[in-house]
Amino acid sequence: MIRKAVLPVAGFGTRCLPASKAIPKEMITIVDRPVIQYVVEEAIAAGIRDIVFVTSSNKGAIENHFDTHAELEASLEAKGKHDLLASLRSMVPEDVNIISIRQGEPLGLGHAILCARPIIGDEPFAVLLPDVLVDNSDTPRSDLAGMLEAYDQHATAQLMVEEVDWAQVEKYGIVAPAGEAPAPSSSADLVGMVEKPPRDQAPSNLAVIGRYALPGAIFPILEKTPPGAGGEIQLTDAIESLREQQGVQAYRMRGTTYDCGQPLGYLEATLAYACRHPELGGDFKALLARYHLGA
Ligand code: G1P
């Protein structure tokens with residue numbers, strides 16, 4: 001069972017400027033909590049117990065967010081604000097560890113994952129890219145939990161994929177399944193994958209959405225992976241080498257994704273999450289109606 005996850009949070013967040021100038025883009029709020037909190041909640045709900053942030057110098061707010069704030073807690077206690085206090089205290093359950101390690105230079109996603117090697121060791125682990133929110137509120141179970149189970153069942157690396165518009169393939173890692181595309185909540189062997197291909201060279205429109213289950217064997221491969229697309233050490237290139245050595249599968253998700261690494265994506269996530277928020281949803285829908293937007 002995979003218990004460790006790496007969340008690379010070192011990037012500048014250029015697509016979110018100016019919002020991400022002095023705060024990390026991962027701290028942008030969706031309704032009542034930062035994007036990163038949803039991703040950490042997703043990992044914990046799927047059984048992850050060690051969460052490794054790969055950070056950089058201006059990302060201290062992320063570490064602070066998941067740390068105890070003794071002064072604030074004492075103040076809430078003194079004022080009798082027990083619900084708020086409980087919500088802060090339950091953010092990181094007692095059996096969950098939040099660990100962080102630095103990526104000194106921005107050399108790419110593959111390099112960021114390699115930075116977590118001293119903590120992960122040789123064990124299999126999950127990777128969650130915190131730009132992407134996976135919403136499983138309408139599905140019977142979490143896609144991440146399903147993918148981690150598939151890793152155990154098949155003893156093979158898993159890449160979570162969803163179908164995207166063909167016009168979008170050049171924004172993603174794209175996989176080539178060996179036969180038919182996998183059915184939702186199941187896996188299929190891959191015969192290749194390529195990072196951000198032009199539309200006419202894409203082997204499918206199944207895009208890697210930023211959730212991976214990988215063996216420790218990826219680390220020695222990452223160490224030898226030369227810079228690829230954009231001059232960066234690409235996780236996709238290392239996974240392609242892993243596939244040649246021991247096979248890799250695509251796991252087809254069922255939920256909905258929101259790309260919170262860009263403004264329209266986090267606006268859409270805000271809309272979707274606000275409408276179904278237990279306390280704010282009703283009033284938010286009334287607001288939408290007032291602005292003649294329906295709900
Ligand atoms: C990264 C990965 C890419 C993946 C994408 C998902 O790209 O390299 O394979 O499809 O995340 O969001 P980035 O968006 O960081 O350029």
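For ligands, and for the atoms within them, numbers begin at 1 and follow the listed sequence.
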Check whether any N or O atom of Gly173, backbone or side chain, sits under 3.5 Å from an N or O atom of ligand 1, and answer yes or no. yes
Per-atom contact, atom 11 (O) of ligand 1, protein heavy atoms, under 4.0 angstrom: yes
Under 6.0 Å between ring centres, would you say that holds for Tyr251 and Tyr151? no
So, for Tyr273 and Tyr38, is the gap between ring centers shorter than 6.0 Å? yes
Provide the number and element of each atom of ligand 1 under 4.0 Å from a heavy atom of Val132. 12 (O)
Tell me whether Leu235 reaches ligand 1 (any heavy atom closer than 4.0 angstrom to a ligand atom). no
Ligand 1 to Glu195, heavy atom cutoff 4.0 Å, flagged ligand atoms 2 (C), 3 (C), 7 (O), 8 (O), 9 (O)
Under 3.5 Å, is there a donor on one side chain and an acceptor on the other for Gln246 and Thr156? no
Can you figure out which of Met160, Met193, Lys196 has its heavy atom closest to atom 14 (O) of ligand 1? Lys196
Subset of ligand 1 atoms that lie under 4.0 Å from at least one heavy atom of Leu129: 1 (C), 11 (O)
Heavy atom to atom 4 (C) of ligand 1, shortest distance: which of Val208, Val164, Ile174, Val127 holds it? Val208
Ligand 1 atoms nearer than 4.0 angstrom to some heavy atom of Thr236 are 9 (O)
From Asn205 CG over to Trp166 CH2, what is the distance, rounded to the nearest 0.5 angstrom? 5.0 Å
NZ of Lys196 to CD of Gln168: how many Å apart, nearest 0.5 Å? 13.0 Å
Side chain, backbone, both or neither: the part of Asp131 lying under 4.0 Å from ligand 1 by heavy atom: neither
Looking at ligand 1, does any of its N/O atoms fall within less than 3.5 Å of an N/O of Arg15? no
Applying salt bridge (charged side-chain N to carboxylate O under 4.0 Å, His left out), name anything that partners Arg199, two or more places apart in sequence or on another chain. none
Got an N/O contact under 3.5 Å between Leu109 and ligand 1? no
Could you go through Glu240 and Gln234, starting from their C-alpha distance and side-chain angles, then the distance that decides it, and tell me whether this counts as side chain to side chain contact (heavy atoms under 4.5 Å, CB included)? CA-CA 10 Å; Glu240 176 55 12; Gln234 294 289 350; over 6 Å; no
Filter on side-chain hydrogen bond (donor to acceptor under 3.5 Å, both in side chains), then keep only pairs touching residues 275-284, sequence neighbours left out; what's left? Asp32-His277, Asp135-Arg276, Ser137-Arg276
